[in-house]
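Taking it in order: structure first as structure tokens, then the write-up.
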There are 2 protein chains.
Amino acid sequence: MVKITDVARHAGVSPSTVSYALSGKRPISDETRRRVQAAVRELGYRTHVRAGGAVGAGSRVLALAVPMRSGVHVPVVTQFAVSVVTAARAHGHDVLLLTQGEGEEGIGRVAETGLADALVVMDVQLQDPRLPLLRSLPLPSVLIGVPAEPDGLTCVDLDFGAAGELCVDHLARLGHRTVALVGSPPEVYVRRTAFARRLVQGFTAAADRHRLRSAVHPCGTGRGAARAIAERLLREQPALTGVVVHNEPLLDPLIDAFEELGVRIPEDLSLTAVCPTPVAASARIPLTSVTVPSTELGTRAVHLLVRKLSGAPVPQATLLPPRLTERASTGPRPD
Amino acid sequence: MVKITDVARHAGVSPSTVSYALSGKRPISDETRRRVQAAVRELGYRTHVRAGGAVGAGSRVLALAVPMRSGVHVPVVTQFAVSVVTAARAHGHDVLLLTQGEGEEGIGRVAETGLADALVVMDVQLQDPRLPLLRSLPLPSVLIGVPAEPDGLTCVDLDFGAAGELCVDHLARLGHRTVALVGSPPEVYVRRTAFARRLVQGFTAAADRHRLRSAVHPCGTGRGAARAIAERLLREQPALTGVVVHNEPLLDPLIDAFEELGVRIPEDLSLTAVCPTPVAASARIPLTSVTVPSTELGTRAVHLLVRKLSGAPVPQATLLPPRLTERASTGPRPD
DNA sequence: TTCACCCGTCGAAGCGCTTCGACACTCCCG
DNA sequence: CGGGAGTGTCGAAGCGCTTCGACGGGTGAA
């Protein structure tokens, strides 16, 4: 193992000079800096993370808390995680993966043992038990998702409330008068998952504003659930012509179910999804959708964290405005 | 932050005694140990990972290299990752997530900076560029997947060769004489991904052994690809009655495609999948399958790693025997 | 020319922990 | 009753690094 004293000897300077040359915390002459850098390169030196003096310094590791609860769509969550890792690496950080069960305990452990020096927290609930802990921790953290009381925290998310409204606005503009939201699985709402709840709020508010008849249905996944919800919608709201779906794995099965029931999309029924663009674009019918920008959210979260680490001020909540892309699944209300 | 000296003072012993009491590396009287443990609990002490003396010791972190290349099925990979994290936590380790691009560079960095003290490597190719690096590293590692030359490494995987054979054996026993393998996307084979290649070998070997007509087709995912491969199979092998599918996201679309073409499963065509049990069980038609035990593999990998860390000898390759479960997608050859 | 100041560098102290080598006991055998 | 062998505990050294204070030499203003 090559250590800082090796580099120092090789460059003909003292270890402290090497340290300063690398950290830039004190002025070092260009000449010396160059020699140090050359030595570092030649010897392949890397500062050992767990060196004593480093205790005070940052560990260049950030922890990512991904609960992986039931009802979440795994590819989307993974997309988030990958984008966080990628962004973190771009800032010289590594990422420690914390999963469910570890949720609270893990955050505490990682903070107190000094393993990580920052936290990204996913799958945030409106009343999240992790919030008090996060507020009390000396480590900076960023939530992906906005809880009910974001005071003292830093959050970033798609503005799901506005996303819900945007979908309804779109359907209303096309003339639809009766709409429904097919949501995530029930357990997601039971947990009071922030983004799911906010989408419902936005959907309902916009439907009321436009004076539409509306209904909200949490829904599980799979063919059976799709068939059941499709039948139920047609039965309970015979005038239904507009549906918003916030449930990635249900999209294709739901399209199939409607088709089997003789409902054509978009001729008889307009369907708008809230999901990542690739999902919407590769569905059986290209779906008009409000995109969930998972990659951008992960990247933003890391940027905010890096800024916090450097002591810069950051906004409490960053809400990305929703963008609706029209594809083949929506059209004017049939007569 | 509570440090070891605080605990020592609180327990009325010296810091070194606390250290020994916690590590068990020297005999400590029950009485003293109890007092130390009480103090630890009361003060909420946790040893700081990055303390100087710890440089020599383990970091209790293992790195998980998940390339996330195209063509891999995200939920399965995620399942692996989660099981590795869970198992690692059970052994008191945390997990650092390394992704693509980081593949080689990341492994080196993590090893040299002492961030992790062990490695789990996924998505192994027959000739994997990471192998020389792994062999040269002072850190123990375990591969999930068996490369062409596993000497000096530790690997664990499902025996995909035997899995391929088992599927063919099953079809042959049911009387099928013409079979096909619908595999993973082409890029997976181009990369010479170990498990995919081995499955093909097993499939082909067993087909030859049984003197069956056989064909192998890598295949992309999605409805279009499913329809295309279904048509092609029926065209090129009119006598085809048995198909093995090694491509999770293609399963449902392929079943649909056959149905649309008027081919009934299992009356006209028997279909065997190689995939995790939940995928097989929740497909449109419950599928006869050889299970890919992702959770068990992740757990095994961690166990092996922990044993290596403790200096215990471990087998070079652990190949789990495949198990075939009959469900509703296979039946006797039609007359 | 002198003095204050700044720049670049160094040595030494210290981070929180582990570990080595004592040291003081106790116990048991001869 | 003496001495050897364990036990259990402690102090001190050291891990690789950062950081503080200091120092020498150059520079510019007075």
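Values below: all heavy atoms of this structure, side chains included; hydrogens, waters and symmetry mates excluded. All figures in this text were calculated on a predicted structure; none of them were measured in a lab. All chains are named by letter (A, B, ...) in the order of the sequence lines, taking the proteins before the strands, and each is independently numbered beginning at 1.
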**Asked** Out of C:dC10, D:dG11, C:dT9, which has the shortest distance to the side chain of A:S16?
**Response** C:dC10

**Asked** Do A:R69 and A:Q125 have side-chain atoms, one donor and one acceptor, less than 3.5 Å apart?
**Response** yes

**Request:** Using whole Å, report how far CD of A:E112 lies from P of C:dC17.
**Result:** 13 Å

**Message:** So if I take every side-chain heavy atom of A:S29 and compare against C:dC17, C:dT9, D:dC17, which nucleotide ends up nearest?
**Reply:** C:dT9

**Prompt:** For A:I4 and D:dT18, what is the distance between atoms CD1 and C1' respectively, to the nearest whole Å?
**Reply:** 8 Å

**Message:** Looking at C:dT19, I'd like to know if its phosphate oxygens (OP1 or OP2) sit under 4.0 Å from a side-chain N or O belonging to B:K25.
**Reply:** yes

**Request:** Check every atom of D:dG8, D:dC17, D:dT9 against the side chain of A:K3 and return the nucleotide holding the closest atom.
**Result:** D:dC17

**Complete:** Contacts of A:T5 and A:Y20 projected onto DNA chain D by closest heavy atom; the upstream (5') one is A:T5

**Request:** Evaluate the side chain to side chain contact (heavy atoms under 4.5 Å, CB included) criterion for residues B:L119 and B:L62: first the C-alpha distance (whole Å), next the side-chain angles of each, then the deciding distance (0.1 Å), finally the verdict.
**Result:** CA-CA 6 Å; B:L119 281 163; B:L62 53 86; over 6 Å; no

**Complete:** Between A:R26 and A:P15, whichever has its closest DNA chain D nucleotide further toward 5' is A:P15

**Asked** In whole angstrom, what separates B:D30's CG from D:dT7's C1'?
**Response** 13 Å

**Request:** Return yes if some donor-acceptor pair links the side-chain N/O of B:T193 with the main-chain N/O of B:V188 below 3.5 Å, else return no.
**Result:** yes

**Prompt:** Tell me: NE2 of A:H48 to P of C:dT18, nearest whole Å?
**Reply:** 14 Å

**Asked** Does the pair B:E104/B:R130 count as a salt bridge with the N-to-O cut at 4.0 Å?
**Response** no

**Message:** If you only use heavy atoms from C-beta on, which nucleotide in C:dC10, C:dT9, C:dC17 is closest to the side chain of A:V13?
**Reply:** C:dC10

**Asked** Roughly, in whole Å, what's the span from CD in A:E31 to P in C:dC7?
**Response** 19 Å

**Prompt:** Start at the 5' end of DNA chain C and walk down; is the nucleotide closest to B:S23 or to A:I28 reached first?
**Reply:** A:I28

**Item:** Between B:S70 and B:E187, a side-chain donor and acceptor under 3.5 Å
**Value:** yes

**Prompt:** Does a side-chain N or O from A:T17 land closer than 4.0 Å to OP1 or OP2 of C:dT9, or not?
**Reply:** no

**Request:** Could you walk me through whether A:T78 and B:T78 pass side chain to side chain donor-acceptor pair (under 3.5 Å), step by step?
**Result:** CA-CA 7 Å; A:T78 306; B:T78 305; 2.9 Å; yes

**Request:** For side chain to side chain donor-acceptor pair (under 3.5 Å), just list the numbers for A:S14 and A:T17, CA-CA rounded to whole Å, side-chain angles, deciding distance to a tenth of an Å, and then say yes or no.
**Result:** CA-CA 5 Å; A:S14 78; A:T17 301; 3.1 Å; yes

**Asked** In residues 37-46 of chain A, what residues come within less than 4.0 Å of DNA chain C, judged by heavy atoms?
**Response** none

